[in-house]
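The first residue of the sequence shown is numbered 1, and numbering continues consecutively from there.
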Amino acid sequence: WIEVSGSSPRDVAKQLRDQQMVMKGHRDVAMITVLNRYIPTAAAFGGMCIGALTVMADFLGAIGSGTGILLAVTIIYQYYEMFLKEQQGQGDSYVFTE
């Protein structure tokens, strides 16, 4: 999933290079190796946390299923992100900060 979503170490290193960001103490060519240490672990841990949250919600009998709650939160957050992008595109001064 990391490869498909554009979150692979190679993709992240390219994004950082495009933004002219560097990792202090590391060469530009070694950035992929350094990111490869952290990104797969963080992705696996995040997946386990989301899975555990879903299972706990199902066992505790939350309103709806754990999967339904997870889906609803994801959809709401996507709408929030779209709202922020639209507000920033218009240059309005009442944009929320993250």
Side-chain donor-acceptor contacts of residues 11-19 below 3.5 Å, not counting sequence neighbours, with atom names and distances?
| residue | atom | partner | partner atom | Å |
| --- | --- | --- | --- | --- |
| D11 | OD2 | S8 | OG | 3.0 |
| K14 | NZ | D18 | OD2 | 3.1 |

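I32 and I39 end up in different hydrophobic clusters when Ile, Leu, Val, Met, Phe, Trp and Tyr side chains are linked at under 4.5 Å. Residues Y38 and M31 share a single hydrophobic cluster, defined by chaining ILVMFWY side chains whose heavy atoms lie under 4.5 Å apart. Hydrophobic clustering (side-chain heavy atoms under 4.5 Å, transitive across Ile, Leu, Val, Met, Phe, Trp, Tyr) keeps F83 apart from I76.
Within a 6.0 Å radius of CE in M21, other residues, nucleotides and ligands contribute 12 heavy atoms or fewer.
Partners of I75 according to the side chain to side chain contact (heavy atoms under 4.5 Å, CB included) rule, which considers only residues two or more places apart in sequence or in another chain, are L71, Y79.
The distance from the CG atom of L35 to the CZ atom of R10 is 11.5 Å, given to the nearest 0.5 Å.
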